[in-house]
Every structure is written in structure tokens, then in C-alpha cells.
J.: 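Please read through the structure below; I'll follow up with questions.
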2 protein chains.
Amino acid sequence: MADINLDRGLGEAEAVALVELLFFAYRDFVADPDHVLEGLGFGRAHHRVLHFVGRDPGMTVASLLDILKITKQSLARVLKELIDKRYVFQNEGEQDRRQRLLHLTPSGEALRQKLIAPQIARFKRAAEEIKTEKKHDLQSLLFHLIDPENQVIAEKWIQSSNSNE
Amino acid sequence: MADINLDRGLGEAEAVALVELLFFAYRDFVADPDHVLEGLGFGRAHHRVLHFVGRDPGMTVASLLDILKITKQSLARVLKELIDKRYVFQNEGEQDRRQRLLHLTPSGEALRQKLIAPQIARFKRAAEEIKTEKKHDLQSLLFHLIDPENQVIAEKWIQSSNSNE
DNA sequence: AAATTTATGTCAGCCATATTGACATATTTT
DNA sequence: AAAATATGTCAATATGGCTGACATAAATTT
């Protein structure tokens, strides 16, 4: 398990740095699956549906809406496309036949794995990096979640954040 | 400084949990400034411009595009609105008079601070939480970045992630 | 049995944020 | 003088959200 030592609390400058690092890290983090989705004519919304349905097969449309926190109408188009292209299928609820329980087809599950794989790899890579560097702070972890080619840019911002503010 | 212990590396299930936690955490993390921006008729794009210009006053349009990784045309509208509403102003570069160097007005800087404040507070709060809970792992930190009312939902997913996969 | 609520789907239209391609202007560099 | 650079702008398009309104089927309540 990844242990964090925050006994000294978080300083203002450090918090600012974390805010910025999270921006850079998250952007690259979602870029991985985005590239895969592009070729399929899908977007992030499709990814999220695939992910959560895959992690809880048989979930209802309502609970999916609850987790995604989007409206029914926003989900409708995305879900329709995933069903049309046979990544997701629905079946009637046994107890409640109004429900359309959501499941992934085998190709849906395969796509889900393909999408999350680079994100898992990114976390593992970052963990390895800070391990070898022996810089076991939260900033370093977020920093190594960033694409190497973007780390240079990010570094400049973070440095000034730690000193200036 | 926030230290992390990852000597045992990251397991598959743990990495999956982190991926999901990051999704939930980031969503709530950006929701804070979003609420402030709403009332001003601004969006996230405006926030990012305010933030980076505020952190590097006098930056060029080109370097802003570089950091945001959006196109000139995408930036154009956002920047125009911020300039029209007097949150940002430009001045001619001294060495290179083609450049329109970017700066925040006092109200721009005030807005920037107002937008980042809840994000800083969120990190500090999360740090305090894991400190008092004495659960110094990365998962816990991300978990506490999530809005308390959403932590319940997130918890279910993460638990099954740690056991099932 | 009838009325209401719930789970889902769908239509039409709107908005914010991004995209690409083309082109204009001023300024600097070659 | 020509080319490259920094910026701005126009038009058209795509995506992913949104709201409001309405429809259907099934479950629940009265």
C-alpha cells in the first residue's frame, strides 16, 4: 500500500503546487484512453459508461446516472451508441421488469481493459519512479503521472509555486 | 512535505482503485471553481487562463497556448471575454512589439485567488483527514479529496476494486 | 381496480468548449 | 525585399453536456 506521511501538514505553497500538478497529471492521465477512443468514434463519456458497467455488471440505468452525475438525456446518446455497436447490452430486471440492467459484451469488456490498461500502467510507472528516485512525496508522484515530455513544462511552474507563494 | 511509501510497489487491484479514485476526486476538485465561475458566465477555460497568467504575469499568448495545449482559436474567445470584462489585459512586448504580453488586472488576480482557494482548502482538508485517521496511504488521500457526500458512493467501488480484481 | 410513482426512453433545442482551415496584420529576421 | 513569427479573426463543425416536455410499461399505493 502507498503510504503518505503528512505529519507536518500541507503548506500554502505546497498546496498550490499540488493543484497545478493535478491539472497536468489528470490531463495526461485521460489522454491515454482518449487516443484509443478516437479511432472508435467514442469519447470520454463512452469510456466512463464502459468502465462502470464493467465494474458492476447488471447495474441499473438509474445507478449509472447516479455515479456519472449526468442527466438521463446526456447518457441516452452515449448508451445508445454503445448498445448499437455491441459493446453493451441490456436485460430486463427479474424482480423489477421496468429495469434495463446493463452488461458488457465480451468486446465491451475487452475495450474496457484496453482503456484502463495505460492508466494502470501510468500509476505503476509513477510508483516505480519515485521508488527509484527515493523521493517519496505526493508532489513527486503526481509529477511522474505526467507525460515525460510535459514534465519539463510542469516543473517550471511547480518550482516557482514552491518558492514564490 | 507529503511523503509516500511505495516500497512494495503497486498491485493491479490497487492501481485500479487509484484510477477510480482519481476520477471521483478530480470531478469534485474542479466542481469548486466551476460553481464560482457559473455566476460570472465563465467556464473552466477561463479559469485556466486566469490561473496561468496570474502565475506568470507577462507571458506571451504563444506560451499560454503551449501550456494549455489548446488551439489559438479556442483560446481566442475565452481570452477576449476575459479582456472585455477587465480581468486580463495585454501590453506590447518591449523587445518584440508583435507580442501581446498577458497580465491580470487586480480584479483578475482577486478572482484567481477566489477560484484556487477551495482547491487549496480541499488538499489541506484531505491532508488533515488522513493525518487524524492515521491512514497514510495514497488511496486515502484521494478518497478525502472527494466531497464527503460522494465518498459513500466512491467507497463501494473502491472496496470491490481492492478485493475482486 | 384505479391512481400514483418509478424506471426508462426519446424528441427538440440550447450552450460551452473544443476542433480545422483560411486568411490578415504587424513586426522581426534573413 | 522576402520570409518567418506573433497574434487575431472568420466560418464551419463536433462533442458532450444541459433543460423541458412527453411517452410507456411496470410496480406500488390507496
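Below, chains carry the letters A, B, ... as their sequence lines are ordered, and counting in each starts from 1.
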J.: Indicate whether OP1 or OP2 belonging to D/dC18 is found under 4.0 Å from a side-chain N or O atom of A/T71.
T.: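 Answer yes for this pair, as a side-chain N or O of A/T71 is under 4.0 Å from OP1 or OP2.
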J.: Checking salt bridge (Lys or Arg N to Asp or Glu O under 4.0 Å) for the pair A/E20/B/R55: CA distance, chi angles, key distance, verdict?
T.: CA-CA 10 Å; A/E20 296 186 334; B/R55 287 272 285 104; 2.5 Å; yes
J.: Do any side-chain atoms of residues 77-87 of chain B form donor-acceptor pairs under 3.5 angstrom with protein atoms, and if so which ones, sequence neighbours left out?
T.:
from, atom 1, to, atom 2, distance (Å)
B/E81, OE1, B/H46, NE2, 2.5
B/K85, NZ, B/L40, O, 3.3

J.: Under 4.0 Å, heavy atoms only, any strand: does A/A76 hit a base, just the sugar-phosphate, or nothing?
T.: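 A/A76: base contact, heavy atoms under 4.0 Å.
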J.: Please determine whether any donor N or O and acceptor N or O are separated by less than 3.5 Å between the side chain of B/Q73 and the base of C/dG21.
T.: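 Between C/dG21 and B/Q73, which were checked side chain against base, a qualifying N/O pair under 3.5 Å is present.
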J.: Between B/E128 and B/R125, is the closest basic N to carboxylate O distance under 4.0 Å?
T.: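 B/E128 and B/R125: not salt-bridged.
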J.: When you get a sec, tell me which of D/dT7, D/dG16, D/dA26 is the closest nucleotide to the side chain of B/V61?
T.: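 Among D/dT7, D/dG16, D/dA26, the one nearest the side chain of B/V61 is D/dT7.
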J.: Take the protein atom CD of B/Q95 and the nucleotide atom P of C/dT29, then report the distance between them rounded to whole Å.
T.: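 Going from CD in B/Q95 over to P in C/dT29 covers 10 Å.
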J.: Nearest whole Å is fine: how far is C/dG21 P from B/K72 NZ?
T.: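 It works out to 13 Å between those atoms.
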J.: In whole Å, I'd like the distance from the CZ atom of A/R97 to the C1' atom of C/dT8.
T.: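 Interatomic distance, CZ of A/R97 to C1' of C/dT8: 14 Å.
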J.: Between P on D/dT24 and CD on A/E92, what's the gap in Å once rounded to a whole number?
T.: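 So the CD-P distance, A/E92 to D/dT24, works out to 17 Å.
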J.: Grab the CZ-P distance between A/R100 and D/dT24 for me, whole Å please.
T.: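 The distance from CZ of A/R100 to P of D/dT24 comes to 14 Å, rounded to the nearest Å.
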J.: Could you tell me whether the phosphate oxygens of C/dG9, OP1 or OP2, come under 4.0 Å of any side-chain nitrogen or oxygen in A/Q90?
T.: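 For C/dG9, OP1/OP2 do have a side-chain N/O of A/Q90 under 4.0 Å.
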J.: Does a side-chain N-to-carboxylate-O contact under 4.0 Å join B/R98 and B/D96?
T.: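 The answer is yes: the pair qualifies as a salt bridge.
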J.: Which of the following nucleotides, C/dA18, C/dT28, C/dG9, is nearest to the side chain of B/R48?
T.: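 Of C/dA18, C/dT28, C/dG9, C/dA18 is nearest to the side chain of B/R48.
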J.: If only side-chain N and O atoms of B/S74 are considered, is one of them under 4.0 Å from the OP1 or OP2 phosphate oxygen of C/dT17?
T.: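 B/S74 to C/dT17 OP1/OP2: no side-chain N or O under 4.0 Å.
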J.: Looking at A/R77, I'd like to know whether one of its side-chain N or O atoms comes within less than 4.0 Å of OP1 or OP2 on D/dG16.
T.: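 Checking D/dG16 against A/R77, a side-chain N or O does come within under 4.0 Å of OP1 or OP2.
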J.: Counting any heavy atom closer than 4.0 Å, what does B/E81 reach on the DNA or RNA strands: base, sugar-phosphate only, or nothing?
T.: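 Contact class for B/E81: none.
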J.: Below 4.0 angstrom, N of the basic side chain to O of the carboxylate: do B/E12 and A/K124 qualify?
T.: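 Judged by the 4.0 Å cut-off on N to carboxylate O distance, B/E12 and A/K124 do form a salt bridge.
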J.: Select from A/R44 and B/D96 the residue whose nearest nucleotide in DNA chain D is closer to the 5' end of that strand.
T.: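 Its nearest nucleotide lies further toward 5', so the answer is B/D96.
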J.: For B/L79 and D/dT7, what is the distance between atoms CG and C1' respectively, to the nearest whole Å?
T.: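 My rounded result for the distance is 10 Å.
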J.: Touch check for B/E38, heavy atoms < 4.0 angstrom, all strands: base, sugar-phosphate only, or nothing?
T.: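 Contact class for B/E38: none.
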J.: Please confirm whether the ring centroid of A/F29 lies under 6.0 Å from the ring centroid of B/F23.
T.: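 No, ring centres 6.0 Å or more apart.
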J.: Nearest to the B/I70 side chain among D/dA6, C/dA18, D/dG8, which nucleotide is it?
T.: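 Nearest listed nucleotide: C/dA18.
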J.: Which whole-number value in Å describes the distance from A/H46 NE2 to D/dG17 P?
T.: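 Between P of D/dG17 and NE2 of A/H46: 9 Å.
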J.: Going by modelled atom types, is there a donor-acceptor pair between the base of D/dT7 and the side chain of B/R98 at under 3.5 Å?
T.: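 Counting by modelled atom types and ignoring angles, no donor-acceptor contact under 3.5 Å is found here.
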J.: Starting at atom CG of B/L68, determine the distance to atom P of C/dT17, rounded to an integer number of angstrom.
T.: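 In whole Å, C/dT17 P and B/L68 CG are 13 Å from each other.
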J.: Test for a donor-acceptor pair under 3.5 Å between the base of D/dG8 and the side chain of B/K80, counting only N and O atoms.
T.: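 No, no donor-acceptor pair under 3.5 Å.
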